[in-house]
A.B. asks: 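Have a look at this one.
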Amino acid sequence: SAASDSKGNVQPIQMCEVQGGALVLMMILRSDTTRERNHVCCFLVLLLLFSALASSASAARDSFQNNRLAPTVEKFSVGTTLEPAGARVSYVRDNLDERLHAVLSGARARQFEIWASKNDLDIVSMHGVDESISSSKFTTIDDSQSKRRKREVYSPFPSNILDLSMVENSNSPDRQHLGISMADLDDRSPSKLDLILRSIRLGVSFGPIVCTSWLAMWSSKFREKIWYTWIASCLASSGPAFIKWGQWASTRYDIFPESLCLALSRLHNDAPAHSWIYTQKVLESSLGLAQGTLLDTFDSFDEIPIASGSIAQVHRAVLKGTTIVAKVRHPKVAKLMQMDFRLMNFAARLADLIPALASLRIRDTVEQFSHNMAEQAHLQAEAHHLEILNYNFRKWKGVRFPRPFYATSNVIIETFASGRIVTAVLDAYDAIASQIAVEQGILTVEEISDDTEDEAMNTQKSTGHQVLPMSMARFIVTTGLSVYLKMLLIDKQMHADLHPGNIMIDFVSKNPKGVLEPNNRALVPVNRKINLAGHFCFTLVDAGMVAQLSQEESQNFAGLICSLGDGDGRVAGSFVLRFTKDSTLSSSEEEDFIKDMDLLFKERCRGYGSNVDVGHVLRGVLGLVRKHKVLIDANYATLVVNVLCVEGMSQRVCPNYNLLDAAKPFLESYKGLCYKKDGSINESSSKVQKCIFRITMPLAYFKKSLSDAVFFARQGKNNKRLI
């Protein structure tokens, strides 16, 4: 009989050893010559060595299996209850499907609306708080809230509305992913050795920039042509924190020179993707699945990500026939960013001690930037942002956001956003327009292929608006402006990264067959005579950074925009000086800034109806801010950058559309309620006035839609198009 271990498991290798030893002993006894006996003894020695090696390999294999993060399980059919791993898969699969159904049916939105009516919708900030501690904001459950939930209808979500993690109770199967959690592996505080090694790595990377800084100070040609490009390259190769800082700094025309901002603007969001093995481990650890059972939980799961940024990457999956996406944070992002923030703060302090760099206020920008990045690295905070933005735009048919139904610190599972990126659509129409222009002899192939780094020249050569369907052009410019004004004046919660790369456009057709080519989605026919039965829709993605505006911040920036409509540079200057609470300017310096603002407005901005170039005026304002060393807080910088993004998109889609004139109904209504006749803020504005403003907003939208209809009707008659 075979031998057994302490648990009663059969050990066949021991039986094989006994039988082999007996066989060799019989061969030795039956051997006739010494030579044959020697050969048999050698064979016996080899057999014993092989047996010892086999036993050692078996013990090592058992030890390896016991020390893995998750146990290995047999393949099983989904829904079986014979094994704990199978029961966990069925539970997670059913729970995610229930959540997805609740999101798609609107049940989750109604639940969130009830909660929002009784609570403040302030953005949850992760700044300055350790992630392991701040996660309690999402997981702590109020006892009174739990008691109320017992009387309510069953919901697959946790009792705490801020918590989108998996529900774990006495009825749910045990978590199968054991060992050290992925959060512990990635988010442990960096040691002194880690900081030293990281500083050495960064020192080698930025060494050439520091050594040539003296030459950049004396030679403007070297500084603008070579040195700024080196800075962008070093930031691109130094990790997510430095890449994001470079992208953020590229929008701060109020602090950095325009040529440096232009060099940093070439930093791309795309980043190397991490391995599929890591993605699988993170998802299985987060969902409590046994190792190797992720693919049994979903119908399909794409191993290759559809997008990868500096913080996380996105995979497409199918859950019970519905396409969804899973966003997984890159490995060690939190730890790496924590190290880089410490080192960046230390370097910023040193930079402020250098007279030539003190005016750049690098330390202030690093502190403001770390505030924003702390939120973006926490994916559960991004899920909360998405739910708030979906609530704010719940009544808008043409604007939507991805709807999350599961989230932890390093994973978000949300609905799939159909459509195409706006920039990709506009690039496609530019290509169509260029092809038509060549066929008609308007442009030559050499003129089209002559790319230049001058952004203004590229904008002038962009002719896609001449073939873009008028209905699509009208939707893009009018909806983009309305979304910005709503976030600024009503919600006071601004998407902090509102550039065209984060905006997707889709056409929702009433015709089952649709009007779009299946392999060319969101490109409608260029023939404007076709009647499109349906409507366009914007989907705004990447809500990791959302600016929570105070009433004062909203009024100050709206006051600046209103002063543009009035053409009053002095009032505009007074509002800009309120963009920070830590002003260091004297009264005479403030007066000099206001005088320059007055001169700028007399030259570039004469108010409504004068075809004001909003982007040109704001860039001039930022130039004066940098010249007079006026401080601007981070939220105001976000508002300025978003205006420039909307204005740039408008110029590319419909160059004749003036944002300031189109926003006049909103701004005039807001100004009449919130400002005095001299342009200053009405400090005594009551809640009644705010309610009146909310009530009058639909009327302002109606006036704007009428003026837009008249404008685009004239465009259709007078505009010279290629087709």
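FYI, the numbering just counts along the sequence from 1. Computed from a predicted model, the values in this text were never measured in an experiment.
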A.B. asks: Carefully, step by step, assess Thr638 and His495 under the rule side chain to side chain contact (heavy atoms under 4.5 Å, CB included).
C.D. replies: CA-CA 9 Å; Thr638 297; His495 190 299; over 6 Å; no
A.B. asks: Applying the side chain to side chain donor-acceptor pair (under 3.5 Å) test to Gln548, which of Glu553, Gln493, His385 qualifies?
C.D. replies: Gln493
A.B. asks: Kindly determine whether Lys327 and Asp542 satisfy side chain to side chain contact (heavy atoms under 4.5 Å, CB included), including the steps that lead there.
C.D. replies: CA-CA 10 Å; Lys327 188 173 184 179; Asp542 195 5; 4.0 Å; yes
A.B. asks: Just so I know, are the side chains of Val621 and Met597 near enough to count as touching, which here means a heavy-atom distance under 4.5 Å?
C.D. replies: yes
A.B. asks: So which atom in Glu387 and which in Pro404 form the shortest heavy-atom distance, rounded to 0.1 Å?
C.D. replies: CG-CG, 4.0 Å
A.B. asks: Considering only heavy atoms from C-beta outward, does the side chain of Val617 approach that of Glu647 to under 4.5 Å?
C.D. replies: no
A.B. asks: With respect to Phe401, which candidate in Phe393, Phe538, Trp396 satisfies the ring-ring contact (aromatic ring centres under 6.0 Å, His included) definition?
C.D. replies: Phe393
A.B. asks: Any carboxylate oxygen within less than 4.0 angstrom of a Lys/Arg side-chain nitrogen, looking at Asp491 and Lys486?
C.D. replies: yes
A.B. asks: If you draw the axis of the six-membered ring of Phe666, does the NZ or CZ of Lys704 fall within 45° of it and under 6.0 Å from the ring centre?
C.D. replies: no
A.B. asks: Is Asn392 close to Ile388 at the side-chain level, that is, under 4.5 Å between some pair of heavy atoms?
C.D. replies: yes
A.B. asks: Over all heavy atoms of both residues, which pair between Leu540 and Val399 is shortest? Give the atoms and the distance, please.
C.D. replies: CD1-CG1, 4.3 Å
A.B. asks: In the structure I gave you, are the side-chain heavy atoms of Val576 and Phe593 within less than 4.5 Å of one another anywhere?
C.D. replies: yes
A.B. asks: Are the side chain of Ser563 and the backbone of Val571 linked by a donor-acceptor contact shorter than 3.5 Å?
C.D. replies: no
A.B. asks: Could you tell me whether Arg108 sits above the aromatic face of Phe405, with NZ or CZ closer than 6.0 angstrom to the six-membered ring centre and within 45 degrees of the axis?
C.D. replies: no
A.B. asks: Taking atom types as modelled, is there a side-chain donor on Asp708 or Tyr657 under 3.5 Å from an acceptor on the other?
C.D. replies: yes
A.B. asks: Should Phe712 and Val477 count as side-chain neighbours, where that means a heavy-atom distance under 4.5 Å?
C.D. replies: yes
A.B. asks: Side chains of Thr580 and Tyr636, heavy atoms from C-beta outward: is any pair under 4.5 Å?
C.D. replies: no
A.B. asks: So, taking the atom named CG in Asn556 and the one named OG in Ser550, what distance separates them when rounded to the nearest 0.5 Å?
C.D. replies: 8.0 Å
A.B. asks: Can you name the closest pair of heavy atoms from Phe601 and Ala572 and give their distance?
C.D. replies: CZ-CB, 3.5 Å
A.B. asks: Carefully, step by step, assess Asn656 and Phe711 under the rule side chain to side chain contact (heavy atoms under 4.5 Å, CB included).
C.D. replies: CA-CA 9 Å; Asn656 296 329; Phe711 171 82; 4.0 Å; yes
A.B. asks: Would a distance-only check, ignoring hydrogens and angles, find a side-chain to backbone donor-acceptor pair under 3.5 Å from Arg329 to Leu379?
C.D. replies: no
A.B. asks: With rounding to the nearest 0.5 Å, note down the distance linking OG in Ser482 to OH in Tyr701.
C.D. replies: 5.0 Å
A.B. asks: Run through Val640, Leu577, Leu631, Ile632 and flag the one making a side chain to side chain contact (heavy atoms under 4.5 Å, CB included) with Val625.
C.D. replies: Ile632
A.B. asks: For a quick test of reading the model, state the closest non-hydrogen atom pair linking Ala543 to Leu386 and the distance between them.
C.D. replies: CB-CD2, 3.6 Å
A.B. asks: Rounded to the nearest 0.5 Å, how far does CD1 of Ile421 lie from CD1 of Ile505?
C.D. replies: 11.0 Å
A.B. asks: About how many Å separate CG of Leu585 and CD of Glu591, when rounded to the nearest 0.5 Å?
C.D. replies: 12.0 Å
A.B. asks: Which value, rounded to the nearest 0.5 Å, describes the distance between Leu624 atom CG and Ile594 atom CD1?
C.D. replies: 12.0 Å
A.B. asks: Is any side-chain heavy atom of Leu644 closer than 4.5 Å to a side-chain heavy atom of Arg619?
C.D. replies: yes
A.B. asks: Backbone N or O of Asn658 within a donor-acceptor pair of the Asn611 side chain at under 3.5 Å?
C.D. replies: no
A.B. asks: I need the minimum non-hydrogen distance between Val333 and Ile311, along with the two atoms involved.
C.D. replies: CG2-O, 3.8 Å
A.B. asks: When you measure from the side chain of Tyr228 to the backbone of Leu264, do you find a donor-acceptor pair of N or O atoms at a distance under 3.5 Å?
C.D. replies: no
A.B. asks: If we only count heavy atoms from C-beta on, is the Thr478 to Arg474 side-chain gap below 4.5 Å?
C.D. replies: yes
A.B. asks: What heavy-atom pair brings Leu488 and Met494 nearest, and what distance separates the two atoms?
C.D. replies: N-CE, 3.9 Å
A.B. asks: Applying side chain to side chain contact (heavy atoms under 4.5 Å, CB included) to Leu162 and Asn160, what does each step give before you reach the verdict?
C.D. replies: CA-CA 5 Å; Leu162 300 180; Asn160 186 0; 3.8 Å; yes
A.B. asks: Any sub-3.5 Å donor-acceptor pair from Ser117's side-chain atoms to Ile114's backbone N or O?
C.D. replies: yes
A.B. asks: In Å and rounded to the nearest 0.5 Å, what is the NZ to CE distance from Lys492 to Met487?
C.D. replies: 13.5 Å
